[in-house]
Participant: 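Structure incoming, see below.
In each ligand, atom 1 is the first atom listed, and ligand 1 is the first ligand listed.
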Amino acid sequence: MANLNMIIIDSNYDSREELKVLLEQFHQIDVIGEFDNILAGYAAAIEEKPQIVFIDLSENIDLGIETIEKITYRNKNCVILVSSINVNTDLVLKAMRAGAREFLTQPVMIEDLSTALKKAKILLENDEGNTIGQIISVFSNKGGIGKTTIAANLALKIAELTEKRVCLVDLNLQLGDVTTFLDVNPSFDISYVVTHLSRIDESFLLSSLEKYKNKELYILADPPNVEQAEEISSEDITSVLSMLKEMFSYIIVDTSSSFDIKTLTCLDISDAILLISMVNLPSIRNCQRCMDLFQRLEYKTDKIKLVVNRYNDDEEITIDDVEDALGHEVFWKIPNSYFAVMSAINKGVPVSSIAPNSTIDDSFTELAAKLTDSVIIMHESTKPTNKNFKLPFNLNIDSLKNLKLFNK
Ligand SMILES: Nc1ncnc2c1ncn2[C@@H]1O[C@H](COP(=O)(O)OP(=O)(O)O)[C@@H](O)[C@H]1O
Ligand SMILES: [Mg+2]
């Protein structure tokens with residue numbers, strides 16, 4: 001879903017400014033107009049058809065309520081949020097009956113605003129009525145780069161943030177370790193699903209897949225042995241993923257580190273590929289090979305989302321250098337956090353259980369939000385890529401620039 005447009009109607013300059021400052025901390029909200037006059041705001045709400053109208057009723061209750069009624073009547077899909085300095089049951093009831101969805105007390109608190117925006121987003125999405133799932137594959141042609149770490153933590157974050165059904169698929173058919181990372185012991189795996197494809201329906205699959213704790217996260221494990229893995233064909237992969245697309249809102253795939261036909265089939269039908277790299281020459285060179293292949297396969301540029309893993313702020317090679325060398329924007333960077341990640345893996349738990357709200361945990365949350373267009377409060381440390389740091393000393397940057405020549 002694209003960004004949500006909002007119009008603010010509030011006669012008080014200070015509270016309007018405060019609201020805008022709060023809104024800056026959220027993904028996906030664009031304020032397209034602000035009005036101190038209710039009638040002008042109403043005209044814009046009808047003309048511009050914003051998805052959200054925020055209207056303050058502190059000054060003129062009657063005109064405000066009438067305006068809410070009219071906007072509801074003329075722009076049925078608009079979510080109206082209301083605020084007032086004086087809140088009483090009578091006023092809240094009146095506003096809700098007129099069509100408002102949420103009532104916030106002035107001054108607006110960030111937590112209340114966050115809840116209201118999340119609800120607005122769910123309402124607006126329901127209006128769109130789309131249920132077809134998105135496949136997000138986590139890929140690198142190198143092992144040990146963080147694919148499973150990212151797939152497992154990201155899948156859980158997406159389930160928590162969106163509260164929608166998410167399936168984490170282990171397509172590392174021979175060497176899968178998703179079950180170890182999350183310490184689950186599923187009784188069903190992908191080879192079972194493949195062999196019973198024609199007889200499996202939604203309720204059967206949901207009851208048989210391992211559900212992670214009380215979350216909306218379901219896990220489809222790798223086969224228990226190599227022979228079963230080999231029996232799975234690329235057509236089977238297509239069938240399973242297509243079936244999952246109809247049942248889950250998000251399918252996160254942990255892939256193997258090779259360009260075999262099964263992995264390529266999966267990448268082909270993915271909506272997004274998170275191409276994982278670290279900031280070192282061999283890793284960037286490998287990414288270049290992947291990018292070349294994706295180009296030959298005519299994948300759209302924005303299907304490929306470059307994610308830099310294990311990033312340190314004092315890296316010799318900067319994000320700008322990586323972007324220059326690969327000719328592709330870095331979509332996200334995940335900080336290096338050895339102890340949190342290692343301890344999470346050893347305990348078989350997500351990073352959020354070991355280091356909640358740490359920089360790396362926030363980074364997973366915000367990556368999940370960016371991929372799913374979720375409304376969340378952004379943390380200072382992980383706001384969009386800081387491109388300002390420079391090389392600390394004279395690194396052999398030419399070797400990076402020449403990468404493109406290397407692989408042609
Ligand atoms: N952001 C990170 N910070 C620190 N260590 C990490 C990070 N991501 C992954 N690792 C470490 O890298 C190793 C490989 O990760 P893994 O997810 O198994 O990679 P892959 O699935 O690509 O083989 C693990 O031991 C893990 O501890
Ligand atoms: Mg792995």
Side-chain angles (χ1 to χ4, degrees), residues 136-157 168-184 186 189-190 219-224 226 229 252-260 262-263 266-267 270 273-280 282-287 289-290 304-315 317 319 322 330-368 370-371 379 381-382 385:
I136 302 174
S137 288
V138 183
F139 178 75
S140 160
N141 58 341
K142 245 176 115 59
I145 202 138
K147 287 189 294 296
T148 310
T149 306
I150 294 169
N153 285 284
L154 182 66
L156 180 60
K157 287 290 184 191
L168 172 59
V169 184
D170 197 340
L171 266 200
N172 209 336
L173 297 175
Q174 311 244 356
L175 293 164
D177 45 16
V178 163
T179 51
T180 317
F181 272 50
L182 291 177
D183 191 25
V184 288
D189 59 75
I190 192 161
I219 295 163
L220 184 54
D222 57 320
V226 179
I252 312 301
V253 188
D254 183 21
T255 61
S256 80
S257 312
S258 76
F259 281 124
D260 59 59
K262 295 178 200 177
T263 308
C266 165
L267 297 181
S270 294
I273 300 169
L274 302 191
L275 178 60
I276 316 299
S277 180
M278 288 202 259
V279 251
N280 58 51
S283 179
I284 296 169
R285 191 168 300 155
N286 269 302
C287 260
R289 292 192 182 112
C290 298
I304 301 151
K305 317 235 181 265
L306 196 56
V307 174
V308 169
N309 189 27
R310 308 198 65 168
Y311 188 78
N312 293 305
D313 273 341
D314 56 356
E315 297 285 357
I317 301 173
I319 294 292
V322 176
V330 170
F331 182 79
W332 201 251
K333 56 184 168 77
I334 297 169
N336 187 40
S337 183
Y338 180 78
F339 290 106
V341 174
M342 213 53 236
S343 167
I345 294 174
N346 286 337
K347 292 193 171 71
V349 295
V351 166
S352 56
S353 301
I354 297 289
N357 302 116
S358 57
T359 323
I360 183 159
D361 185 38
D362 288 347
S363 179
F364 285 132
T365 309
E366 285 159 20
L367 172 59
K370 192 169 179 187
L371 284 166
H379 291 87
S381 57
T382 37
T385 326

Participant: Would you check the N or O atoms of I334, main chain and side chain alike, for any that come under 3.5 Å of an N or O of ligand 1?
Facilitator: no
Participant: Any idea which protein heavy atom is nearest atom 22 (O) of ligand 1, and the distance to it?
Facilitator: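 The protein heavy atom lying closest is K147 N, 2.9 Å.
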Participant: Give a yes/no on ligand 1: does S140 have at least one heavy atom closer than 4.0 angstrom to it?
Facilitator: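 The answer is no, since S140 has no heavy atom less than 4.0 Å from ligand 1.
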Participant: Has ligand 1 got any nitrogen or oxygen that is less than 3.5 angstrom from a nitrogen or oxygen of N336?
Facilitator: yes
Participant: Among all the protein's non-hydrogen atoms, which is closest to atom 7 (C) of ligand 1, and how far away is it?
Facilitator: R310 CG, 3.6 Å
Participant: Under the side chain to side chain contact (heavy atoms under 4.5 Å, CB included) test against I334, which residue among V341, V308, L367 passes?
Facilitator: L367
Participant: Under the 3.5 angstrom rule, does the side chain of T255 hit a backbone N or O of V138 as a donor-acceptor pair?
Facilitator: yes
Participant: What protein heavy atom is closest to atom 8 (N) of ligand 1, reported as residue, atom name and distance in Å?
Facilitator: N309 ND2, 3.0 Å
Participant: With side chains defined as the heavy atoms from C-beta onward, is the minimum distance between F139 and C266 less than 4.5 Å?
Facilitator: no
Participant: Counting non-hydrogen protein atoms only, what is the nearest one to atom 24 (C) of ligand 1? Give residue, atom name and distance.
Facilitator: I345 CD1, 3.8 Å
Participant: Heavy atoms only: which of I360, T149, V178 is nearest to atom 9 (C) of ligand 1?
Facilitator: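 Among I360, T149, V178, the closest heavy atom to atom 9 (C) of ligand 1 belongs to T149.
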Participant: Begin with the C-alpha distance, continue with both residues' side-chain angles, and end with the deciding distance and a verdict on side chain to side chain donor-acceptor pair (under 3.5 Å) for T263 and D260.
Facilitator: CA-CA 5 Å; T263 308; D260 59 59; 2.9 Å; yes
Participant: I'd like to know if the side chain of N141 pairs up with that of N286 as donor and acceptor (distance under 3.5 Å, no hydrogens or angles considered).
Facilitator: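 Yes, side-chain donor-acceptor contact under 3.5 Å.
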Participant: Indicate yes or no for a side-chain donor-acceptor contact from N280 to the backbone of S283 under 3.5 Å, with no hydrogens or angles considered.
Facilitator: yes
Participant: Checking D222 side chain against Q174 main chain: does a donor-acceptor pair fall under 3.5 Å?
Facilitator: no
Participant: With respect to the Mg ion (ligand 2), please indicate if S257 possesses an N, O or S atom at a distance under 2.8 Å.
Facilitator: no
Participant: So which protein heavy atom does atom 23 (O) of ligand 1 come closest to, and at what separation?
Facilitator: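 Protein heavy atom at minimum distance: G144 N, 2.7 Å.
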Participant: Nearest 0.5 Å please: distance from the OG1 atom of T149 over to the CZ atom of F364.
Facilitator: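 Between atom OG1 of T149 and atom CZ of F364 there are 6.5 Å.
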Participant: Starting from atom 3 (N) of ligand 1, which protein heavy atom do you reach first, and at what distance in Å?
Facilitator: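 Closest protein heavy atom to atom 3 (N) of ligand 1: S337 N, 2.9 Å.
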Participant: So that I can tick it off, tell me whether D183 and K347 are bridged by a salt bridge, with the cut-off set at under 4.0 angstrom between side-chain N and carboxylate O.
Facilitator: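 No, no charged N to carboxylate O under 4.0 Å.
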Participant: How close does the nearest protein non-hydrogen atom get to atom 25 (O) of ligand 1, and which residue and atom is it?
Facilitator: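 Atom 25 (O) of ligand 1 sits closest to the protein heavy atom M342 SD, 3.7 Å.
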Participant: Between ligand 1 and Y311, can you find any atom pair, the residue atom being a heavy atom, that is separated by under 4.0 Å?
Facilitator: no
Participant: Please verify whether a non-hydrogen atom of P335 lies at under 4.0 Å from ligand 1.
Facilitator: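 Yes, P335 has heavy atoms under 4.0 Å from ligand 1.
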Participant: Considering only protein heavy atoms, which is closest to atom 18 (O) of ligand 1, and at what distance to one decimal place?
Facilitator: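 Looking only at protein heavy atoms, the one closest to atom 18 (O) of ligand 1 is F181 CZ, 3.4 Å.
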Participant: What are the atoms of ligand 1, with element, lying closer than 4.0 Å to any heavy atom of Y338?
Facilitator: 4 (C)
Participant: Is there side-chain contact between T180 and T148, with heavy atoms separated by less than 4.5 Å?
Facilitator: no
